[in-house]
Amino acid sequence: MRQSRHVGKTLRETPKDAQTAAHALLLRAGFMRQISAGVYVYLPLLHRTLAKIAQIVREEMEAAGSEELLMPALQPRELWLESGRWERYTAIDGIMFAFKDRRGSQVCLGPTHEEVVTDVLRREISSYKDLPKNVFQIQTKFRDEIRPRFGLMRAREFIMKDAYSFDADEAGMESSYQAMREAYHRICRRIGFNYREVEADPGAIGGSASHEFMVLAKTGEETIIHCPNCGYAANQEFASSRLEEYPQDPEPLPMQEVFGEGLIGVEPLAEFLKIPVWKTTKTLIYETDQGVVAAMVRGDCDVNELKLAKLLGCKTLKLASPELIKELTGAEVGYAGPIGLPPEVRIVADHYVNNRVNFECGANKTNYHNINVNFGRDLPPPQFGDFKLAKAGHICPRCESRLAADRGIEVGHIFKLGTKYSEPMNCVFLDAEGRRKPVLMGCYGIGVSRMAAAWVEQSHDEKGIIWSPQIAPYHVHLIGLNLEDPTIREAAEKTYERLQAEGVETLFDDRPLRAGEKFSDADLIGLPIRLTVSRRTAAGQAVEYKLRHEKEAILLPFDEALVKIKSFCGLNS
RNA sequence: CGGGACGUAGCGCAGCCUGGCUAGCGCGUCUGAAUGGGGUUCAGAAGGUCGUGGGUUCAAGUCCCACCGUCCCGACCA
């Protein structure tokens, strides 16, 4: 492509809305433009990169036995009523674009395709002989995000690859899942990501097991908890951990109410009471769709709200308002405790709240705390569960090492769905004994557009993006300098022609600009190889060859440069 | 959804508090000249419904109201 005719000029200044490096660079380098909140135009350069990512994904999916199809983005409400997800996606979470068509039928723009694919496949499958099946598509998805953010990272319209597997039994589903999992590793490796696979929560999609593929980046929205010793790794919202336990007092002491004015937060409280932080207790008041809940965690911990919601079996969960807290506890925020709450408040506690002798908790009275509290004597033991938030420094659930934390960008997520959709949607088959059984499903997503952003987040310097040859929009950025000189112009044109003839994808900067501007643009756009043809090179039939991630350029005869280019980009000679 | 901020030329901003002639600046764009391997220099020029609608006023980019749009923050505290 000739840059003189290319759409997507570079910007000298960073657009003010750009928050992350990837967002800023993709805008500045002319890869995309924003159309509205969370909605972007993929300009030609980004379009090419997306196509390359999609192609890698496609090849690996097909290699793993999946078959490509394309389902509609526009979906009828009926299917979502069948699966039972309409309410959650529209009214409760409000994450789905839904509206009425001209006849008054409710329709939505698909944020995902479990319903449609289940509908499609239930018509295909009637016998165990029809299984297994595996289909995928690469398509635009729509999600009315609460807060679109960071450009392509959290957009309202984005490109996703989603695959779905259908099996007759557990073993089949397991092997489909493992095949997809391996394909995901191959995809991440081919693109060249520095990534980690982690255990994850099956969440709203549902199902029994789930893994996420996280690209490691400081600006990642997810926190990964992992064990440097045994390799355990999980999304923080799903991670387990163990806490250090401490020697307990030999005897329970009398419970006591202590005045401590304005002690907000466990650190100053522990200091004031002269007790270790682990003896303190946080009691958090939550409003849920099933009433008010008081959740207790050890003072040095936080609540994992996802785990808490699962334990409670509730659909919605949020911290109570200060007004409600005052009403229920009779105290200002900061002094809630489990003793003396109204009977309608359900009390639950994390396991690590238990097995402590003489612990502290709020007294439900402004400025007062109870110390030397003991379950059984001072209050009935509540329901216990595991809902503390795992953190770096906690003990690994699988070995004795300390956990560490990293930030990551979720680019892939795979789920074992089981019969979550096949059962309500009646996607069934007859087995060899003639018994009717629901199909076992799996679903497997990859954020194609998010991968592009994740790459930039992971691979850039102060000058611009650094693409790998695998997903770069073009292999070579050919810079022509001194083009007003006909001899040089001809040399540059000829170089361009030969590169194209050899199958090297080339962006040819034929614009009448100064060298500095061209080199700056080249660095910003970040194609992996830069070739320069100029007064310096024209005489000797040479070109100047420079890799984006290296500092020095070298002068080479064209044929030698061509060999290097092909080998660097993995092109056949 | 709650809270906050912003909307002035293609991009980034000033002007608004304290209303007053032809609304400025930098970058970019166009013309000319010089320069010619890391955003060079000089001279000149074009380009704006001041988000939209209403109101106050002799007078509104500036004050008031509504709407639209964009961005940021949001429990980590018991």
Side-chain angles (χ1 to χ4, degrees), chain A residues 9-19 23-24 27-28 30 33-39 91-94 144 146-151 223 236-237 260 262-269 280-287 294-305 308 316-322 324-326 328-329 331-338 341 360-370 388-389 391 463-464 479-485 488 509 511-524 530 532-538 544 546 551 553 555:
Chain A
K9 67 175 174 183
T10 56
L11 307 177
R12 200 152 171 178
E13 289 177 82
T14 301
K16 63 172 176 179
D17 292 342
Q19 296 306 311
H23 192 188
L27 289 169
R28 276 228 297 141
R33 299 282 181 253
Q34 181 170 353
I35 289 298
S36 76
V39 180
I92 299 175
D93 292 340
D144 195 0
I146 296 166
R147 194 131 105 77
R149 234 191 297 218
F150 306 143
T223 299
Q236 186 175 36
E237 64 182 26
L263 289 170
I264 297 292
V266 293
E267 297 288 344
L269 176 66
T280 66
T281 310
K282 291 178 185 172
T283 306
L284 286 81
I285 311 293
Y286 283 95
E287 286 180 72
M296 303 169 68
V297 288
R298 213 171 83 175
D300 53 341
C301 291
D302 292 305
V303 168
N304 180 328
E305 295 186 354
L308 178 61
T316 62
L317 176 78
K318 63 169 190 182
L319 278 175
S321 64
L324 183 63
I325 291 174
K326 233 182 266 184
L328 292 168
T329 66
E332 296 293 324
V333 173
Y335 304 94
L341 289 172
E360 173 281 344
C361 55
N364 292 324
K365 195 167 159 190
T366 303
N367 295 331
Y368 285 89
H369 301 267
N370 287 326
K388 72 173 187 322
L389 189 69
K391 284 189 197 164
K463 290 178 171 173
I479 309 289
L481 299 180
N482 322 114
L483 294 177
E484 64 289 344
D485 180 332
I488 300 166
D509 192 346
R511 300 172 300 171
L513 297 180
R514 302 176 66 84
E517 298 175 66
K518 293 192 172 200
F519 289 146
S520 294
D521 273 356
D523 289 337
L524 181 58
R530 189 184 85 191
T532 308
V533 172
S534 70
R535 192 172 291 134
R536 288 186 192 170
T537 66
E544 197 177 273
K546 179 185 171 297
K551 206 155 177 63
L555 210 56

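Heavy atoms only: backbone and side chains are in, while hydrogens, waters and symmetry mates are out.
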B:G28, B:C71, B:A78: which one has an atom nearest the side-chain heavy atoms of A:Leu319?
B:A78
How long is the line joining CG of A:Leu389 and P of B:C77, in whole Å?
12 Å
Could you please name the option among B:G26, B:A78, B:G36 that lies closest to any side-chain atom of A:Glu13?
B:G26
Describe the nucleic acid contact of A:Leu481 in one word from base, sugar-phosphate, nothing, applying a heavy-atom distance below 4.0 Å.
base
Side chain of A:Val333 only, heavy atoms from C-beta on: which candidate in B:U70, B:A78, B:G38 is closest?
B:A78
Which of these nucleotides, B:C77, B:G12, B:G38, is closest to any side-chain atom of A:Pro15?
B:G12
Remember a base hit wins even if backbone is also touched, and classify A:Val266 as base, sugar-phosphate or nothing at under 4.0 Å, heavy atoms.
sugar-phosphate
Pairing nucleotide - B:C6, Watson-Crick or G-U, each distance under 3.5 Å
B:G69
Could you give the distance separating B:C71 and B:C11 at their P atoms, to the nearest angstrom?
15 Å
Determine which nucleotide pairs with B:A23, using a 3.5 Å limit on both distances of a Watson-Crick or G-U wobble pair.
none
Please check if the side chain of A:Asn370 supplies one atom and the backbone of A:Cys361 the other of a donor-acceptor pair under 3.5 Å.
no
Toward the 5' end of RNA chain B, which comes first, A:Lys546 or A:Tyr286, by nearest nucleotide?
A:Lys546
If you compare all heavy atoms of A:Lys388 against all heavy atoms of A:Cys301, which two are closest, and at what distance to 0.1 Å?
CD-SG, 3.9 Å
How is A:Tyr335 classified with respect to the nucleic acid when contacts are heavy atoms under 4.0 Å: base, sugar-phosphate, or nothing?
sugar-phosphate
Which distance, rounded to the nearest 0.5 Å, do you find between the CG of A:Leu524 and the CD of A:Glu517?
13.0 Å
Looking at B:G38, does its base get a donor-acceptor pair with the side chain of A:Arg530 below 3.5 Å?
yes
What is the distance from CG of A:Asp302 to P of B:C76, rounded to the nearest Å?
10 Å
What does A:Ser36 touch in the nucleic acid at a heavy-atom separation under 4.0 angstrom: a base, only the sugar-phosphate, or nothing?
sugar-phosphate
Take the protein atom NZ of A:Lys318 and the nucleotide atom P of B:C1, then report the distance between them rounded to whole Å.
14 Å
B:A14 to B:G26 separation - P atoms, rounded to the nearest Å
15 Å
Ion pair A:Lys282/A:Asp302, N-O distance below 4.0 Å:
yes
Applying the 3.5 Å cut-off to both distances, the Watson-Crick or G-U partner of B:U40 turns out to be B:A34
Does B:C27 have its OP1 or OP2 closer than 4.0 Å to a side-chain nitrogen or oxygen of A:Arg12?
no
Side chain of A:Ala336 only, heavy atoms from C-beta on: which candidate in B:A78, B:G38, B:G28 is closest?
B:A78
Select one nucleotide: of B:G39, B:A78, B:C6, the one nearest the side-chain heavy atoms of A:Glu517.
B:G39
Students often get this wrong, so: under 4.0 angstrom with heavy atoms, is A:Leu269 touching a base, only sugar-phosphate, or nothing?
nothing
Taking atom P of B:G28 as reference, at what distance in whole Å does atom CZ of A:Arg511 sit?
13 Å
What is the separation between atom CZ on A:Arg514 and atom P on B:G36, rounded to the nearest whole Å?
8 Å
For the pair made of CG in A:Leu341 and P in B:A78, what is the distance, rounded to whole Å?
16 Å
Say we look at B:C21 and B:U41: how far apart would their C1' atoms be, to the nearest angstrom?
36 Å
Please state the C1' separation for the pair B:C72 and B:A59 - nearest whole angstrom.
37 Å
Is any side-chain N or O of A:Glu484 under 3.5 Å from a base N or O of B:G36, one able to act as donor and the other as acceptor?
no
Just call it for A:Gln19: base, sugar-phosphate, or nothing, with non-hydrogen atoms closer than 4.0 Å on any strand.
sugar-phosphate
With rounding to whole Å, what would you report as the distance between B:C63 and B:G20 at their P atoms?
11 Å
From NZ (A:Lys391) to CG (A:Asp300), nearest 0.5 Å:
8.0 Å
Applying a 3.5 Å limit to both distances, which nucleotide forms a Watson-Crick or G-U wobble pair with B:A45?
B:U29
Between B:U57 and B:G44, how far apart are the two P atoms, rounded to whole Å?
46 Å
Measure from the side-chain N and O atoms of A:Asn482 to the backbone N and O of A:Arg535, and report whether any donor-acceptor pair falls under 3.5 Å.
yes
Of A:Ala37 and A:Ala553, whose nearest nucleotide on RNA chain B comes first from the 5' end?
A:Ala553
In whole Å, measure the gap between the P atoms of B:G7 and B:C16 for me.
12 Å
Side-chain touch A:Arg530/A:Glu544, heavy atoms, less than 4.5 angstrom:
yes
If pairing requires Watson-Crick or G-U wobble contacts with both distances under 3.5 Å, which nucleotide is the partner of B:A59?
none
Nearest-angstrom distance from the residue atom CG of A:Leu324 to P of B:A78:
18 Å
Quick note, A:Arg149 side chain, CB onward, closest among B:C13, B:C72, B:G38 is B:C72
C1' atoms of B:G24 and B:C50, separation to the nearest Å:
12 Å
For A:Leu324, is there any backbone N or O sitting under 3.5 Å from a side-chain donor or acceptor partner on A:Ser321?
yes
Separation of B:G74 P from A:Ile146 CD1 (nearest whole Å)
13 Å
Using Watson-Crick or G-U wobble geometry with both distances under 3.5 Å, which nucleotide pairs with B:C1?
B:G74
